[in-house]
Structure formats: structure tokens, C-alpha cells
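Below you'll find the structure, written out as C-alpha cells, and then a few comments.
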Amino acid sequence: MPEMTYADAVAKGLSDAMRENDKVWVLGEDVSHGGAYGATQGLKDLFGGDRVRDTPISEAAIIGFSVGSAMTGWRPVAELMHMDFSACAMDQLVNQLAKMRYMMGGSTSLPATVRCGVGGWLNAAAQHSQSLEAWFTHIPGLKVAAAATPADVRAVLLAAIRDDDPVIVLESLSLYPEKGEVSDDPVAAPLGIADVKRPGDDLTILTWGGTVPRVLRAAETAAAHAVSAEVIDLLWLHPLDREAIVRSIEKTHRVLIVHQACERAGFGAEIAAFIAAEAFDLLDAPIRRVAGLNVPVPFAPALENYVLPGEERIARAIFEVAA
Amino acid sequence: MPEMTYADAVAKGLSDAMRENDKVWVLGEDVSHGGAYGATQGLKDLFGGDRVRDTPISEAAIIGFSVGSAMTGWRPVAELMHMDFSACAMDQLVNQLAKMRYMMGGSTSLPATVRCGVGGWLNAAAQHSQSLEAWFTHIPGLKVAAAATPADVRAVLLAAIRDDDPVIVLESLSLYPEKGEVSDDPVAAPLGIADVKRPGDDLTILTWGGTVPRVLRAAETAAAHAVSAEVIDLLWLHPLDREAIVRSIEKTHRVLIVHQACERAGFGAEIAAFIAAEAFDLLDAPIRRVAGLNVPVPFAPALENYVLPGEERIARAIFEVAA
Amino acid sequence: MTETTVALAERSADGYDRELLLSMYRSMVKIREVEQALVRLFAQGRMPGFIHSYIGEEATAVGVCSALRRDDYITSTHRGHGHILAKGGDLDRFMAEIYGRSTGYSGGKGGSMHIADLDLGILGANGIVGGGIPIAAGAACSARMAGSDRVAVSFFGDGASDIGVFHESLNLAAVWDLPVVFVCENNGYADFIATHEHQRVKNISDRAAAYGMPGEWFDGNDVLAAHEATIRAVERARAGAGPTLLEAKTYRWRGHYEGDPQPYRTSDEVEKWRERDPIPAFAGFLERNQIQTAEEAGTVRDEELERLERAIKFAEASPEPEPRDALRDTYTDIVERGW
Amino acid sequence: MTETTVALAERSADGYDRELLLSMYRSMVKIREVEQALVRLFAQGRMPGFIHSYIGEEATAVGVCSALRRDDYITSTHRGHGHILAKGGDLDRFMAEIYGRSTGYSGGKGGSMHIADLDLGILGANGIVGGGIPIAAGAACSARMAGSDRVAVSFFGDGASDIGVFHESLNLAAVWDLPVVFVCENNGYADFIATHEHQRVKNISDRAAAYGMPGEWFDGNDVLAAHEATIRAVERARAGAGPTLLEAKTYRWRGHYEGDPQPYRTSDEVEKWRERDPIPAFAGFLERNQIQTAEEAGTVRDEELERLERAIKFAEASPEPEPRDALRDTYTDIVERGW
Ligand SMILES: Cc1ncc(C[n+]2csc(CCOP(=O)(O)OP(=O)(O)O)c2C)c(N)n1
Ligand SMILES: Cc1ncc(C[n+]2csc(CCOP(=O)(O)OP(=O)(O)O)c2C)c(N)n1
Ligand SMILES: [Mg+2]
Ligand SMILES: [Mg+2]
């Protein structure tokens with residue numbers, strides 16, 4: 001299988017989807033030029049300016065046009081360069097895109113995909129580093145996915161675009177340059193199915209997006225100290241793979257949740273609440289979260305690395321939970 | 001103590017604050033006319049058009065102007081008629097208001113208050129019934145409060161306006177006409193302190209806002225069946241009164257969380273996660289949540305009453321958790 | 001900015017199709033009677049929620065929609081009844097939805113503010129001020145990309161012309177030359193605030209210049225002015241010449257919502273506008289031009305009232321939705337858990 | 001729309017204060033040298049994050065800010081270095097912040113995109129396009145309510161003039177007659193997209209009409225044009241006559257960010273604008289008007305370079321922030337938990 005960067009894998013997923021269905025089109029700021037981070041590179045050459053459309057800096061219109069497009073037979077794929085900018089489009093995302101089908105009693109569907117560049121470790125400070133997936137998982141009508149490898153992001157994107165409901169796809173900005181193998185065939189990720197990225201027996205680590213590689217490295221460290229962590233990359237936050245979570249806890253009886261977003265009211269809270277309600281009797285230890293500290297993401301590397309959940313902090317938590 | 005409606009108590013809290021500090025001013029849609037729900041009634045007559053300002057339908061500007069005002073010595077109190085419309089102002093709320101102090105290394109403070117009409121039971125459908133507090137509790141830099149009685153809403157508002165940080169205040173639209181006693185003296189709610197609205201021994205119910213009276217009624221029902229529920233009205237979601245929560249669980253060992261917002265990734269999840277991490281060993285039963293079902297709020301009363309957490313559903317959960 | 005309005009009294013019917021004119025009249029009467037019935041029924045507590053009455057503005061919805069094809073799109077607003085009916089919405093399902101019944105357009109999930117009929121190109125009323133503007137433009141984009149000559153119309157109010165997404169949508173529609181007509185219904189108020197108190201532009205249609213698109217205002221109480229302005233804009237749109245901003249100058253007879261005590265305006269002001277009632281004005285025009293007699297006009301009203309009575313009966317006889325229906329339609333595939 | 005630009009070459013210095021002109025020149029040179037140094041240092045990997053260079057646009061920041069008082073407010077953008085320095089920002093703290101050091105304006109919490117100095121009325125650069133526009137208007141509202149004659153200026157780009165909050169802010173500022181000057185820096189591009197590709201209006205200043213406010217464009221490479229247009233707008237604002245929209249027509253010499261490969265434009269185009277370099281043009285003006293000799297201009301540059309060297313040394317010698325500093329400043333009272 002060919003190796004490519006995460007950013008190229010995004011472009012590949014998009015071109016797979018555009019090739020298999022000519023109702024798929026792409027819009028966003030700079031997308032005809034590859035986008036700010038190269039994730040739409042080459043699409044305009046392949047599919048033309050009608051299906052790869054640059055927009056002004058108008059996030060509300062980007063999503064609003066997508067709503068109208070999706071209601072009238074097309075499959076728009078909108079890019080929000082940084083997820084922070086979704087704040088400029090929340091009405092269209094939440095009050096329109098998410099609810100339109102329901103408000104109409106099911107008489108329409110909205111097969112739109114919204115791709116968001118997510119997270120920190122870019123030294124881009126508080127307005128360009130947020131992971132806001134919790135907002136969207138809270139809103140019925142949206143599906144939410146995240147991917148941490150080139151193969152996964154391609155597969156998740158394909159699944160999202162094929163899906164008949166709106167899907168918010170989180171792409172980890174810090175992973176864009178990372179390389180990995182991606183198959184030639186367009187393989188879509190099965191909806192709502194998590195991926196056990198590393199099997200283990202002593203504790204279950206639930207994570208997604210930008211923290212996946214960090215968790216895997218921390219799990220390596222732990223393994224060197226005879227702690228065997230099972231690492232589950234959720235891939236889908238909604239629908240959530242509850243069975244996979246419970247299955248793993250049945251084995252390990254201990255849970256650590258890791259995510260990049262701020263801890264308070266992050267999606268990790270929902271997972272913990274689910275477990276505390278539905279798998280309570282399986283637990284041998286408190287449910288532990290390691291997440292972004294409850295502060296805005298600061299600029300200076302020394303600060304940012306302290307605030308975001310890095311390998312060292314994750315490793316410490318692994319030992320504590322396993323103890 | 002005089003009796004007044006919740007809406008009048010809001011106006012009273014605002015006029016208390018405007019009287020004690022002439023830097024306090026009010027802006028929003030229709031506020032000079034009392035606002036859509038009467039919660040700013042009389043303020044313009046008392047304080048004049050300079051301090052009670054109507055705006056166009058421009059939620060982003062309402063909050064953005066508040067940011068600029070708060071940074072330059074004033075204490076704006078912005079009204080968002082329905083919390084659903086906060087979606088039109090999220091960038092200013094989240095990327096500006098919440099983060100400005102931090103991004104500036106503490107060299108400014110932002111004493112702004114944002115009042116939001118919240119929640120359903122109005123037959124106003126999906127775009128006028130949301131409880132979106134989880135979004136804001138997730139964002140460092142904001143404080144979040146909610147009130148369920150006339151006295152509380154007056155006290156919380158006063159505290160919010162006096163506070164030097166931005167505070168989002170949730171006012172329950174369905175409670176606006178409800179009456180209660182409100183003292184003549186301006187009493188502010190202590191920051192981050194919950195209120196035990198009903199003492200009890202068998203389980204702890206944590207709730208806030210529009211569900212408080214429903215929980216209290218359900219607790220009455222339970223009491224008639226010899227189940228003694230302690231009902232804690234959190235009043236502040238951030239800062240959260242963790243001590244009060246733990247203190248109660250030390251007594252009851254059982255927890256039910258009730259809120260109006262959708263269950264998935266609602267703020268109840270954060271509370272459950274906190275308890276599952278920090279009070280795990282105190283628990284005798286799984287943590288249970290009763291909340292809005294994970295669908296948009298529908299219009300027809302038969303549907304809406306099914307979706308929102310009503311007395312019957314709460315009562316059932318009380319018996320289950322206590323069992 | 002072209003000023004095109006010729007008072008209805010001076011107009012001739014030359015060039016107009018008789019049937020079209022008659023159907024326009026009928027449509028205006030239908031809307032008026034439906035709205036008056038809703039006002040009455042709502043006051044009786046027969047339906048839940050809120051009612052935003054369209055009374056007095058009928059000429060705009062009808063003038064605009066009569067210039068559209070069945071397969072053209074519209075988006076509408078919280079004050080949307082007129083638009084839905086003018087575009088051909090089914091009265092039974094419409095009424096049942098406002099009653100919150102299972103036979104309604106959305107099975108009771110949406111109510112007055114969320115009626116849609118995709119078969120008629122009605123992409124939904126909308127509870128968010130300005131919310132429908134980019135949606136119409138997105139639909140226009142679909143038409144454009146499909147190579148069809150369908151157009152989209154977005155209705156919205158004077159108040160909506162102040163919200164950010166108005167600006168973003170018009171700008172982007174212009175940049176993409178989309179076949180969309182933005183129809184701003186300036187009815188004098190946004191909630192309790194008069195138009196001149198929430199903006200300082202003389203004509204809202206002047207805002208078109210900010211996007212390099214043509215803008216035009218018309219007398220919103222003159223159904224032919226509305227129709228003709230829309231025809232011009234639609235022709236441009238179908239020809240690929242891009243969007244237009246139209247402004248209808250009209251007036252909201254009733255309060256913002258039913259129950260609004262309206263301390264913010266005088267009854268004199270309202271009275272003056274009631275004298276400019278678009279329906280008798282159009283009836284007079286039809287009479288002068290020998291298209292419809294006063295008697296025939298009376299028959300139209302009677303027929304519409306009878307039709308309306310049936311719709312009300314239909315709605316009132318329809319069952320409430322089953323509570324568990326609430327669990328469907330959030331997604332195409334997932335049914336949520338109930339209790 | 002008034003067209004006021006008179007080419008710098010034809011201008012006279014009559015009526016200008018000599019010291020003002022000299023300080024304007026110095027300010028432009030300072031910005032240019034700082035920006036060139038940052039480009040170089042960033043390429044060497046000496047600082048984290050992103051750099052959005054202001055090179056080529058110096059006349060606008062300086063022309064505008066030289067028309068302001070110390071106690072007037074400004075809000076700035078991601079491309080904000082020029083504004084901060086023109087408003088008098090302290091070079092040491094500025095440079096240290098861009099380096100992410102504890103001695104920086106925000107102690108390293110903000111970086112290049114979030115520099116502020118409340119004592120100088122600098123209410124912050126801003127990472128969100130258009131984010132600062134309502135903030136400036138809110139500050140103007142404070143001035144108004146306090147009965148002071150302070151004004152506020154909001155800087156933003158051509159791209160920002162398409163975002164919703166631009167529209168909402170200008171509309172509301174007009175309705176409230178606020179003392180704010182909206183300064184749109186049309187530098188030809190928003191990211192990789194040329195201005196004419198993201199909007200269809202001839203002059204961005206024409207958008208003023210949509211709000212019933214005056215609009216005026218000027219040659220953004222002519223520091224006196226910028227200064228004079230601002231003086232006019234500020235006078236109106238101080239006199240209570242409300243806001244103005246100004247458009248500076250200028251050009252971004254470098255890529256959107258340092259590292260931008262710029263396939264979207266030709267080097268010819270860039271070259272043409274480099275020939276319109278605002279700094280030599282202004283130096284020539286000062287020389288012709290016997291205000292500053294070429295030699296003196298050289299001295300200014302040397303002095304600024306020396307000052308700059310000190311600032312760089314200061315920044316590089318400053319310590320990184322302590323990790324646990326990250327836990328402060330979210331709130332005035334709560335310190336967050338660390339690990
Ligand atoms: C974003 C948003 N803000 C506020 C409201 C509350 N609201 C509903 S209708 C309305 C007034 C709308 O005025 P206009 O656009 O002129 O339409 P009209 O009611 O006059 O038809 C307001 C403020 C809303 N629904 N959405
Ligand atoms: C709301 C928002 N959308 C997108 C971006 C990403 N972005 C940063 S700068 C920029 C271009 C800004 O163009 P313009 O306003 O013309 O300013 P210039 O960079 O030319 O000075 C974009 C799209 C952002 N920061 N904020
Ligand atoms: Mg109106
Ligand atoms: Mg630009």
C-alpha cells in the first residue's frame with residue numbers, strides 16, 4: 001500500500017468520494033488552492049471549479065449554502081479551516097443543518113459533511129487550537145467522527161460523505177504531515193465502529209483524534225513497565241461504539257479517557273457518564289480523564305505543552321489507573 | 001417579603017445592579033420595551049435610553065459590543081432572547097469574551113453578563129427551546145449560572161453583574177410567570193455555592209434551572225412513598241460546588257442528575273464524570289441521568305412533554321436509583 | 001436603484017394572463033382568511049405555540065410566488081404562512097401542523113415556524129431570523145450546478161437584513177452568480193423596533209450595491225408590483241445573470257406575535273396602513289379591468305372560507321402525534337432511545 | 001464616495017507639523033525593519049507559531065494612528081504588528097511576546113496574533129477575521145456613554161469585510177452614532193483569494209452606504225492620504241456625527257503567512273507594487289519639502305535598527321514562561337488545577 005501524509009489522505013478520501021458520486025462537491029476558504037493546509041490539494045485540477053469552490057471568509061454562508069445544497073440533492077463537503085471558526089457558523093450548523101430533517105418530520109435528509117481542522121500543538125494560541133467536538137456531540141442530528149491516521153481519515157471521510165446525515169469530521173491539524181499507508185481501494189469506515197489500536201489487559205484507554213499517537217506511545221512506555229493498556233480509538237463519537245467500550249472494560253475493569261479538548265464538559269465526560277451508568281459494576285477503579293487543562297490554549301510552547309495532554313501526563317495516568 | 005414573578009425578579013436584579021453601579025448597562029433586542037418576555041420591564045423609565053439600549057437583530061454585535069464595552073470600563077448586560085440564538089454569537093462569546101483576558105496575559109478583565117432565555121415547555125419547537133449550557137461550561141473563561149426561583153434569579157444576576165469575569169446566566173423561559181418572594185435588599189448569590197432546596201437521605205438529586213420545580217414535585221411524590229431525596233439546585237455550573245455534591249453523596253451514596261438539555265454531552269455528563277472520578281468509592285449504585293432525550297425539541301405538546309424530563313419520568317428514576 | 005412602482009389604481013391588465021390574475025386574487029384571499037382564522041383560533045387556545053400573523057402583507061407573497069414555477073425553491077420565515085400558501089402548500093397538512101397534529105406537514109414536530117414541502121420547492125419556514133437566506137442560495141447553487149434553470153427565492157424581514165448571515169449570503173451569491181432572488185419584506189418593524197430605529201439605510205434594497213447586485217424596491221401592497229419586480233429578477237437569474245435584492249415596502253397589521261400589546265406604535269399608524277389593504281385594491285383593479293366582478297370576488301371568498309373550514313376540521317379531527325414518534329427523524333438511520 | 005487621494009508626489013507639507021511628519025516617517029521605518037527582521041528570524045526558526053507580515057502596508061497603519069490620540073482605542077488583526085507599533089506599542093514587550101517569552105505583552109500566552117496594550121488603547125490583535133470590529137465599536141460606545149471624546153478605530157482586511165460581524169457592527173454603530181472609524185485594509189488578497197474573487201463591489205468603502213454612513217477610500221500607500229482621511233473621520237466621530245468606513249487600497253508584499261508559496265499570483269504583480277513602496281515615496285516627499293534629508297532618513301533607519309537589535313536581544317534573553325503560568329489569567333479569581 002502506498003504511503004502518504006494525513007493531508008494527502010484527506011485529499012484522497014475526497015477524490016474517492018467525488019469520483020464515485022458526481023453530486024459530491026467541496027467548498028471552503030482557499031480549497032481550490034489546496035486549502036490552508038494542503039488537504040484539498042489537486043481536487044480542482046481533477047474535478048474543476050464547479051465542484052471545488054472557494055468561498056469568501058464567510059463561515060455561516062459556507063454552512064448555510066451546504067444546508068440548501070444538501071436539501072436539494074447534492075452532497076456538499078464544507079471545510080472549516082480551524083474548528084475554532086465553527087463558532088462563526090454555529091447557527092447554521094446547529095439550528096439548521098442538525099435540525100432541519102427533524103423539524104420537517106423526516107421529509108428531507110441532509111447528506112452534508114463538515115470537515116474541521118482541529119486542535120493544538122501548532123503554537124497558534126487560543127483562537128486556532130480548540131477541539132470543540134463536545135459541542136457537536138451534544139446536538140442531536142449531527143454525527144461526529146475523528147481520525148488519527150492517514151488510512152482512518154480517508155476511510156472516515158468516505159463514510160461521512162456517503163452517509164445520508166450531516167457528519168462533522170475532525171481532522172487533526174498536528175497530524176497533517178504524518179505519514180501512513182493508505183490502500184488504493186476506497187474503503188469506508190463502518191459507521192459507529194471503534195478501532196482497537198492496541199490490545200491490552202490491564203486498563204482500557206479511550207481516545208480519538210490528535211491524542212491517539214500520544215496515547216500509543218505512552219502505552220509503549222507502560223508496556224516496558226509491564227502495564228498492558230488496551231487503546232481504543234473511538235473514531236466515531238456519535239454514534240459511539242458502546243459495545244466496544246463495554247467489551248474492553250469487561251476485560252480490564254479500569255478506564256482512562258484521553259482527549260485534547262478541555263476536560264470540563266468535554267466529550268470524555270459523556271463517556272465517563274455512560275460507563276458510570278451502564279458499566280458501573282464492571283469497574284475496579286475510578287474513571288480517570290486526561291485532557292486539555294481548563295484554560296484557553298496558550299501560545300508559547302512551554303505553556304501549550306503543559307496544557308495539552310502530552311505523552312508524559314498520559315503515561316503517569318496509565319500507571320495511576322493500573323495501580 | 002414582596003411576591004413577584006420570575007420575570008419581574010430579573011428586572012429587579014437588573015435595576016439593583018444599575019442602581020448600585022452606574023457602569024452597568026443593558027443591551028439587546030427590544031430591551032427598552034421590556035424585552036420579548038418582560039424581563040427588562042421598566043428599566044428604560046428608570047435609567048434612560050443611554051443605559052438601556054435596543055439593538056437590531058444582530059446577536060454577534062450584541063456580544064461583540066459587550067466585549068469592547070467590558071474592556072473599557074463598563075459592565076454590559078446583554079440579553080439573548082433565546083439561548084438558541086447564542087449560536088449566532090458564538091465567536092464573540094467563545095473566542096473573544098471568554099479568552100480575551102487570557103490571551104492578554106491578564107491585563108484586562110471582562111465584567112460582562114450575558115442573560116439567556118433558556119429551555120422548552122413553550123411549544124416553540126427546535127430552534128427556540130434549547131438549553132445549551134454545556135457549550136459554555138466547556139469554554140474556560142466563562143462562568144455559568146442558572147436559577148429557578150424569583151429570589152435566586154435576582155441574586156444570581158446581581159452576583160454575575162458584580163463579578164469581574166464574564167458570566168452566562170440561564171433564565172428559564174418556562175418559569176418567567178412563576179411567582180415567589182424576593183427580598184427588598186439586594187442580596188447576591190455567593191459565587192459557586194449550591195443550594196440544598198430539599199434535604200434528604202436516600203439519594204442526591206443534582207439539578208438546575210427549569211427542572212428544579214419538577215424535581216421538587218417528583219421528590220414530594222417520592223416522599224409520599226417513603227423515599228427521601230435530597231435536592232440540590234446547583235445554581236452555578238462553573239464554578240461548580242463540588243464540596244456540596246460530595247457532602248451529599250457521603251450521606252446518600254446514590255446520585256440522580258436531572259437536566260433539561262439533551263442528555264448526550266450535557267453538563268450532567270461532567271457532573272457524573274466528576275463523581276465517577278472523585279467520589280467513586282462513595283457510590284452504592286450507578287449514576288443515573290434524566291435529561292432531555294437526544295432529539296431536537298419537537299413542537300406538539302404530546303411530543304415535547306415526552307422529550308423533556310417531566311415529573312413522571314423524574315419520579316420513576318428516583319425510585320429506580322433509591323431501590 | 002430603480003423605482004418601478006406604478007400605483008395599482010393606474011395600472012392596466014394588458015399583457016397579463018386572466019387566469020393568473022384570478023389565481024393571484026384567490027391566493028391573497030386564502031391567506032387573509034387563513035390568517036384571520038388562526039388569529040381567532042389561537043385566541044381561543046385551540047393551538048399551542050406562537051402565531052406570527054401575515055395579515056396585510058399578502059400581496060408580497062402572492063406577487064412573488066406567482067412569478068415562480070412549481071419547481072423553483074423558496075425559503076421562508078417565522079412569519080411564513082403566506083409564503084407557504086402562496087407557493088401552493090396543502091391547506092390540510094398546513095393547518096394540521098399548526099395544530100401540532102400527526103397529519104401535519106411535519107407530523108407535529110415543527111409547527112408554524114417549520115413548515116416545508118419539498119415537492120413544492122418549499123425548503124422550510126425558519127425560526128431563526130435570517131436562517132433561510134443562505135439555504136435558498138445553496139438551493140440556487142444546486143440548480144446552477146445541475147444545469148437547470150430553476151431559481152430560488154429567499155423571503156426575510158427588514159430585521160433580518162441586519163444579521164450577519166444576510167451579508168455573507170448576498171456576497172457569496174453574487175460572487176457565484178447564483179440564480180437567487182432575495183426578497184426582503186420591510187413591514188415596518190422587527191419585533192417592537194421600527195425599521196428606521198434598527199438601520200439607517202433609506203431603502204433596504206440599496207444594500208444590493210454592497211454586493212454588486214441589482215436592488216429594487218416595490219410597493220409590497222401592490223401585488224402586480226411584486227409580481228413584476230420578481231419576474232425581472234427571476235429572468236435575470238434564469239439567464240445566469242446572478243442574484244437580485246428586492247425590497248417589498250409593506251406593513252404588519254397585527255402585533256409581532258398574537259398577544260403582543262403593541263405599546264410601541266399608534267393605532268392611527270395601523271389604521272393608515274389598513275386603508276391600503278392590498279386585497280380590496282387588487283379586487284378593484286380586477287373589477288376595473290373586467291376580470292372579476294365584485295360578486296365573483298365574494299364567491300372566491302366564500303369558496304376559500306369553505307375550504308378553510310374543511311382544513312380546520314381536518315386538523316381538529318386529526319390525532320395528536322404518538323409520544324414515541326419524537327424518537328424518529330433525527331437521523332435517517334438511528335432511532336433514539338425513549339423512556 | 002469621495003475620492004480624495006492626491007498623489008504624494010504632488011502634495012505639499014503645508015499645514016503639517018514637522019515633528020508629526022518626522023515621527024510618521026520613523027514609525028513607518030520602524031515597522032518595516034521590525035517586519036523584515038521577523039521574516040528573517042522566523043525563517044531561522046527562532047520563534048514559534050505563524051507570522052503574517054505587514055510589509056508594504058506601513059503607510060496605512062501609520063497614517064491612521066498618527067491621526068489618533070494616545071487615549072483613543074484601536075482593534076487590530078492577525079496582521080497586526082504594524083498597528084501595534086504605529087499606536088506606540090513597546091518594542092521589547094512586543095518582540096518578547098512574538099518570541100513567546102515571559103516578558104512579552106501577554107507573558108507568552110498570546111503571541112503575534114494577540115498583542116494588546118490597554119494603556120495605549122490597543123484592545124488587541126485578533127486571530128478571528130473580523131473579530132475585532134464589534135469590539136472597537138463597543139469601546140466607542142464606552143467613550144460615548146462616558147461623555148468623553150475618545151474615538152475607536154477598527155482595522156480589518158478586505159476579507160473581513162465579507163464576514164457577518166462586519167455587517168452587524170457597522171449597522172449598529174451607525175444606529176447608535178458611535179465614534180468609531182472602520183478602516184478596511186484592502187491589500188488585494190484574503191489568504192490566497194484576490195479581492196475581486198471574494199466580492200463584487202467596486203470599492204469596499206461603497207459598503208458604507210448600506211449603513212447610511214460615509215465611506216471613503218484612499219491610497220493606502222500614501223501615508224498622508226491615510227492620515228487626512230482619518231482626520232476627517234475622527235473629527236466627525238468626536239463631534240458626535242457617528243462612524244465612517246475608510247478603505248485603504250494597498251498591497252500585501254509577502255505571502256499570507258511566512259512560508260506561503262504563493263502560486264496564486266505572479267511575481268510581476270508583486271513587483272509592480274514594490275515599485276509603489278510607501279516608504280521611499282514618503283522619504284521623497286519629506287526631502288522635497290525640506291523636512292528631512294536623505295542622510296537624516298538613513299540615520300532614522302540606523303537608529304530604528306539599533307533599537308530593534310536591542311528588542312531582539314531582550315526577547316531572546318528573556319525566559320520562557322513557567323509552565324504553571326498557564327493556569328493563571330483565565331479568570332480574575334480562579335486559578336485552574338494543573339498536573
Ligand atoms: C437570530 C434570531 N434572533 C432573534 C430572534 C427573535 N425574533 C423572532 S422574529 C424577530 C423579528 C424579526 O423581524 P423581521 O425580520 O423584520 O421580520 P418580521 O417579524 O417583521 O416579519 C425576532 C427578533 C430570532 N428568531 N432569531
Ligand atoms: C473567522 C475566520 N475565518 C478564517 C480565518 C483564517 N484566516 C486567517 S487570515 C485570513 C485572511 C484574511 O484576509 P483579510 O481580511 O483580507 O486580511 P489580510 O490577511 O489580507 O490582512 C483567513 C481566511 C480566520 N482567522 N478567522
Ligand atoms: Mg419586519
Ligand atoms: Mg486582505
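Computation of the quantities below employed the complete heavy-atom set of this structure, encompassing side-chain atoms and omitting hydrogens, waters and symmetry-equivalent molecules. Below, chains carry the letters A, B, ... as their sequence lines are ordered, and counting in each starts from 1. All figures in this text were calculated on a predicted structure; none of them were measured in a lab.
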- Task: Take A:Val295 and D:Glu336 through the test side chain to side chain contact (heavy atoms under 4.5 Å, CB included) and record every step on the way to the result.
- Result: CA-CA 7 Å; A:Val295 300; D:Glu336 288 298 334; 3.7 Å; yes
- Taking all non-hydrogen atoms of both residues into account, name the closest pair between D:Phe50 and A:Tyr37 and its distance. CZ-OH, 3.8 Å
- Message: I'd like to verify something: which residue of D:Ser106, D:Ala160, D:Gly100 has the highest number of heavy-atom pairs under 4.5 Å with chain A?
- Response: D:Gly100
- Message: The test is side chain to side chain contact (heavy atoms under 4.5 Å, CB included); show your working for D:Tyr264 and A:His33 and say whether it passes.
- Response: CA-CA 8 Å; D:Tyr264 50 83; A:His33 301 279; 3.7 Å; yes
- Region of D:Arg101 that comes under 4.5 Å of a non-hydrogen atom in chain A: neither
- Tabulate, in ascending numerical order, the residues of residues 247-263 of chain D having at least one heavy atom closer than 4.5 Å to a heavy atom of chain A, or enter 'none'. D:Tyr257
- Item | Which portion of A:Asp30 sits near chain D, non-hydrogen atoms under 4.5 angstrom | both
- Which value, rounded to the nearest 0.5 Å, describes the distance between D:Ile163 atom CD1 and A:Cys88 atom SG? 4.5 Å
- Could you state the interatomic distance from CD1 (D:Ile128) to CD (A:Glu59), rounded to the nearest 0.5 Å? 8.0 Å
- Query: Does atom CZ of D:Arg46 have more than 12 heavy-atom neighbours from other groups under 6.0 Å away?
  - Reply: yes
- Query: Between D:Gly107, D:Ser102, D:Gly111, which residue shows the highest count of heavy-atom pairs closer than 4.5 Å to chain A?
  - Reply: D:Gly111
- Between A:Tyr306 and D:Trp339, how do the two ring planes meet: parallel, tilted or perpendicular, split at 30° and 60°? parallel
- Task: Heavy atoms only: give me the nearest A:Pro296-D:Thr330 pair and the separation to one decimal.
- Result: CD-OG1, 3.6 Å
- Item | Smallest separation among heavy atoms of A:Leu293 and D:Leu327, with atom names | CD1-CD2, 3.7 Å
- Applying a strict 4.5 Å limit to non-hydrogen atoms, the region of D:Ile334 in contact with chain A is neither
- A:Leu303 and D:Ala326 have their tightest heavy-atom pair at CD2-N, 3.7 Å
- If you take all heavy atoms of A:Ala124 and D:Met113, which pair is closest and at what distance? O-CE, 3.7 Å
- Looking only at heavy atoms, which two atoms of A:His128 and D:Gly127 are closest? And how far apart? CE1-O, 3.0 Å
- Message: If you count heavy-atom pairs within less than 4.5 Å of chain A, which of D:Asp329, D:Val165, D:Asp325, D:Asn126 leads?
- Response: D:Asn126
- Message: Under 4.5 Å from any heavy atom of chain D, what part of A:Ala60 do you find: side chain, backbone, both or neither?
- Response: neither
- By residue number, those in residues 183-200 of chain D with heavy atoms under 4.5 Å from heavy atoms of chain A are D:Ala190, D:Asp191, D:Phe192, D:Ile193, D:His198
